[in-house]
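Proteins get letters first, then strands, A, B, ... in listed order; numbering begins at 1 in each.
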Number of protein chains: 2
Amino acid sequence: MVSAPVQKIRPVRRERVTISHLADALGLTKGTVSRALNGYPDISDGTRQRVRKQAEVMGYRPLAHAQAIRTGRSRALGLVLQTDIPGAQRPFLSEFLAGLTSAASAENWTLTVATSAGGQEMLNTINRLVDERKADGFILPRTFADDPRMKLLRSLDVPFVLYGRVSDPRGCAWFDILGENAMRDAVQRLADHGHTRIGFVNGGLEYNFSHLREEGFRAGMSQAGLTMDPALLIDGAMTMEAGEEAAERLLAQPKPPTAIVYAVDLAALGAYTTASRLGLEIGTDLSIISYDGIPEGNWASPPLTTFQVDSRAAGERLTKLVIRRIRGADAESLRETAEATLKLGGSDGPPRHTSAQLRQRVLGKTENISQMGGT
Amino acid sequence: MVSAPVQKIRPVRRERVTISHLADALGLTKGTVSRALNGYPDISDGTRQRVRKQAEVMGYRPLAHAQAIRTGRSRALGLVLQTDIPGAQRPFLSEFLAGLTSAASAENWTLTVATSAGGQEMLNTINRLVDERKADGFILPRTFADDPRMKLLRSLDVPFVLYGRVSDPRGCAWFDILGENAMRDAVQRLADHGHTRIGFVNGGLEYNFSHLREEGFRAGMSQAGLTMDPALLIDGAMTMEAGEEAAERLLAQPKPPTAIVYAVDLAALGAYTTASRLGLEIGTDLSIISYDGIPEGNWASPPLTTFQVDSRAAGERLTKLVIRRIRGADAESLRETAEATLKLGGSDGPPRHTSAQLRQRVLGKTENISQMGGT
DNA sequence: ATTTCTTCCGAAACCGGTTTCGGCAAGGGA
DNA sequence: TCCCTTGCCGAAACCGGTTTCGGAAGAAAT
């Protein structure tokens, strides 16, 4: 027996068809083929057709990496998620990603995902992705009123699309849900129920959407012919805890609201805790309408009435926008919006009490509690 | 006035330092520099040090794309999420991604994310990523007992690491949480409460974890000296609806369980609906212990007692494993596990009734309902 | 019949790396 | 002293594309 010679392990991976293979098959040079496929004007229509057809037949797809070293573009989209904010994007993320990637792969693009804490680290991460050509353009979720990511990308001359709007929109593309309309409709709905004292718990004012939602709330109040009491307006509630505290402050007032509009579901869920502590029933003693449509809202009892956002659709549209932007479309022509849709729960309804009656109930309960808590 | 000549828009992007710059600065050729940095043995130690130092000083980092066209490797990890399964990974995803990407960027790698429906489309997606060199290796979440993705990657000779185990583990690396231990401990805890009839609602048997969790359940029963009644064992519950139906079937039996162990939180939440329909109080009339630690569990009342998984840590460890695998480590040496941690809610406690008493309560309620439903 | 444009493609350089090959100089053995 | 290693690096090809440049052939103009 003769021992077989040691053989290098050779991966059986099917060989890719390269531009040279294609060129050989066509009897052209690879330069010509490249120009034909990329729409250069110095290629005759006949040749171009022939090349396209053959490429189709042979299943040729250019290698993005190889293109990238010359062109600087690798057909990849960048998404940097911020991880140090309290659960802000958790519920939407899966759907959002599905939207992004499905639209991306339809165009043969891919998605590069990174995470980082906020501040400078976020900017470093973006810089690295740009520097290493891992992203030709970015999708920026959760825009701040004055967004540093936007400034960075603008100065680097890297295309991006905002998910949300910003205070200074010059030269930037965006997609956004019209949260202000949702807030306006929420107020109108509560007014239709018969509420007259309506509170508003906003998100953090560093986010641009908060300003818009407050505008919407104001518009709703004026549309319903109600007067705004500045004392019923609280901002900065992005978490359950903050939402809980906000509800407490509102209900502790001399003339408490019988209904509260929340700008953020997560915060709205905090109101359930407050209500249960004060012995109030949500939907009757206190009405709540909110915004986002997170799944946890279904699990509150009664389920949260909220304006739901279709995150998957948002992801798809953002992807299409950023690709068009990278391909050279003018930023200001790439602006789209959509509406949130009302999802009925049981958290809103006609008021059972007037504001004054509600005040009495809250006071009674509070005294009970302080008596119980006393020595 | 003389009109200025039309000038091409030149991006001001700071120029990268390339290997040629580095070579020039060192008075070497780029080939030599490349070999020095990549540990070739034909470079003297002195030169190697000198090159490393200069690279550090000049901030040289090789362009992954450029390397890829020769080496086939682009320092990117692939993650393909399945979107057509009911909310399976939704709650964990954000944390999981944070773990993956933070560990990846620590090593200067990036993460390419794609989504797809299951079946052949999933395999096509993986194939595309491999073919286009968008991923040097993959992380496969939610392993099936006999996983087609694994077979594909194995045949393509592409490295991968499983999040979960498989029935045929030859030649593959994995990280997994020991769900079987959690199930065992869940049973023991219920037994310590005084429960003797304990049901088990498993996930879908196509997932490998389900088999392991059932083993764990069995182990717990035997450890607690309890006998297993096959009638109290249901599988295939991955959603709320399925979990609801499973609870209903268990409670409709002649000798219903006073406690149920669920393999999946989402399904366990369905039991709340069943309980409320039957007028049973969870935590007293019926005890529930589950597994996953999804945030919705906190919102059920009482909060769900569950074994929580640290998805972020899982992501980090998986990333490290797959990178080591890509760098050539032997697959079977790359196997790690961790334990889930018990998160106490209010859904379990000592039984208020015996099985027979529970049966009576259920029967009474059911009759009421059918009477009410009658004409 | 020239000359001058156009049209269209080949040739070759280039992008930023990796890898093979060969050769020079120093060292070791005879 | 000569020859053969060995260590170390330069030169050049290569990876899979893109882009610039120039020239041949045909069409149009003179």
Side-chain angles (χ1 to χ4, degrees), chain A residues 8 11 13-52 54-55 58-76 108 131-134 136, chain B residues 8 10-11 13-52 54-55 58-76 108 130-134 136:
Chain A
K8 228 176 183 174
R13 218 175 291 179
R14 181 179 56 83
E15 216 174 317
R16 294 190 87 255
V17 18
T18 71
I19 198 170
S20 297
H21 296 156
L22 189 53
D24 287 349
L26 285 161
L28 297 171
T29 62
K30 58 180 190 170
T32 303
V33 172
S34 173
R35 275 170 300 162
L37 291 174
N38 293 321
Y40 277 62
D42 64 345
I43 301 291
S44 73
D45 282 340
T47 303
R48 196 188 308 281
Q49 298 298 337
R50 209 161 59 88
V51 172
R52 289 232 175 92
Q54 184 72 11
M58 296 178 65
Y60 168 71
R61 277 185 329 212
L63 198 58
H65 295 326
Q67 302 186 113
I69 93 174
R70 191 78 221 262
T71 63
R73 304 243 220 85
S74 54
R75 264 182 285 126
N108 240 295
D131 195 47
E132 302 196 348
R133 315 254 198 283
K134 294 280 192 173
D136 303 339
Chain B
K8 229 177 184 173
R10 188 166 43 91
R13 215 174 294 179
R14 182 180 56 83
E15 216 173 317
R16 296 191 84 254
V17 17
T18 71
I19 199 170
S20 297
H21 296 156
L22 189 53
D24 287 350
L26 285 161
L28 297 171
T29 62
K30 59 179 190 171
T32 304
V33 171
S34 173
R35 276 170 299 164
L37 291 174
N38 292 323
Y40 276 62
D42 63 346
I43 301 292
S44 75
D45 281 340
T47 303
R48 196 187 307 281
Q49 298 299 335
R50 209 161 59 87
V51 172
R52 289 233 175 90
Q54 184 72 12
M58 297 178 64
Y60 169 71
R61 277 185 329 212
L63 197 59
H65 294 327
Q67 301 185 110
I69 93 174
R70 192 78 223 260
T71 64
R73 302 241 220 87
S74 54
R75 265 182 284 126
N108 239 296
V130 171
D131 195 47
E132 302 196 349
R133 315 257 197 281
K134 294 280 191 171
D136 303 339

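Between the side chain of A/R35 and the base of D/dG17, no donor-acceptor pair of N or O atoms lies under 3.5 Å.
A donor-acceptor pair under 3.5 Å is absent between the side-chain atoms of A/R61 and the main chain of A/R16, judged by distance alone. With A/R50 contributing its side chain and A/G46 its backbone, the two residues share no donor-acceptor pair below 3.5 Å. The main-chain N or O of A/D42 is never found under 3.5 Å from a side-chain atom of A/R35 such that the two would form a donor-acceptor pair. In this structure a side-chain-to-backbone donor-acceptor pair under 3.5 Å is missing from B/R133 to A/A64. Formation of a donor-acceptor pair under 3.5 Å by the B/T71 side chain with backbone atoms of B/Q67 is found in this model.
Map A/T47 and B/A66 each onto its nearest nucleotide of DNA chain C; the residue landing nearer the 5' end is A/T47. Across the interface with DNA chain D, nearest-nucleotide mapping of B/R48 and A/L63 shows B/R48 to be the residue nearer the 5′ end.
As a whole-Å value, the separation of A/R133 CZ from C/dG16 P is 8 Å. Atoms CD (A/Q67) and C1' (D/dC15) sit 14 Å apart, rounded to a whole Å. Summarising the geometry, the separation between CG on B/L37 and C1' on C/dG16 is reported as 13 Å, rounded to the nearest angstrom. Spacing between atom CG of B/D42 and atom P of D/dA11 amounts to 15 Å, rounded to whole angstrom units. Rounded to a whole Å, the CG atom of B/L26 is 15 Å from the C1' atom of D/dG10. We find that CG of A/L28 is positioned 11 Å from C1' of C/dC8, with the value rounded to whole Å. Put simply, CZ on B/R70 is 12 Å from C1' on D/dA12, counting in whole angstrom units. In this structure, A/Y60 atom OH and D/dT18 atom P are separated by 6 Å, rounded to whole Å.
For A/T18, no side-chain nitrogen or oxygen approaches OP1 or OP2 of D/dC15 to under 4.0 Å. Residue A/S34 has a polar side-chain atom (N or O) positioned under 4.0 Å from OP1 or OP2 of D/dT18. Regarding contacts with the backbone of C/dC9, every side-chain N or O of A/T29 stays at 4.0 angstrom or more from both OP1 and OP2. For B/S44 and D/dC9, the shortest distance from a side-chain N or O to OP1 or OP2 is below 4.0 Å. The side chain of A/S20 contributes no N or O atom lying less than 4.0 Å from OP1 or OP2 of D/dG17. Phosphate contact (OP1/OP2 of D/dC8, side-chain N/O of B/T32, threshold under 4.0 Å): absent.
Surrounding CZ of B/R48 are more than 12 heavy atoms belonging to other residues, nucleotides or ligands, all under 6.0 Å away.
The side chain of A/I43 lies closest to C/dC9, out of D/dT18, D/dG16, C/dC9. Closest to the side chain of A/I19, out of D/dG17, C/dG17, D/dG10, is D/dG17. For B/R16, the side-chain atoms get nearest to C/dG17 when compared with the rest of C/dG17, D/dG17, D/dT18.
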Criterion side chain to side chain contact (heavy atoms under 4.5 Å, CB included) on A/L37 and A/Y60, from CA distance to verdict: CA-CA 11 Å; A/L37 291 174; A/Y60 168 71; 3.7 Å; yes
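Using a 4.0 Å heavy-atom distance criterion, A/G46 is classed as making no nucleic acid contact.
Side-chain contact check for A/L26 versus A/T32: every heavy-atom pair is 4.5 Å or farther apart.
One axis for each end of the helix from C/dA1-D/dT30 to C/dA30-D/dT1, each built from five base pairs, and the angle between them comes to 60° at 10° resolution.
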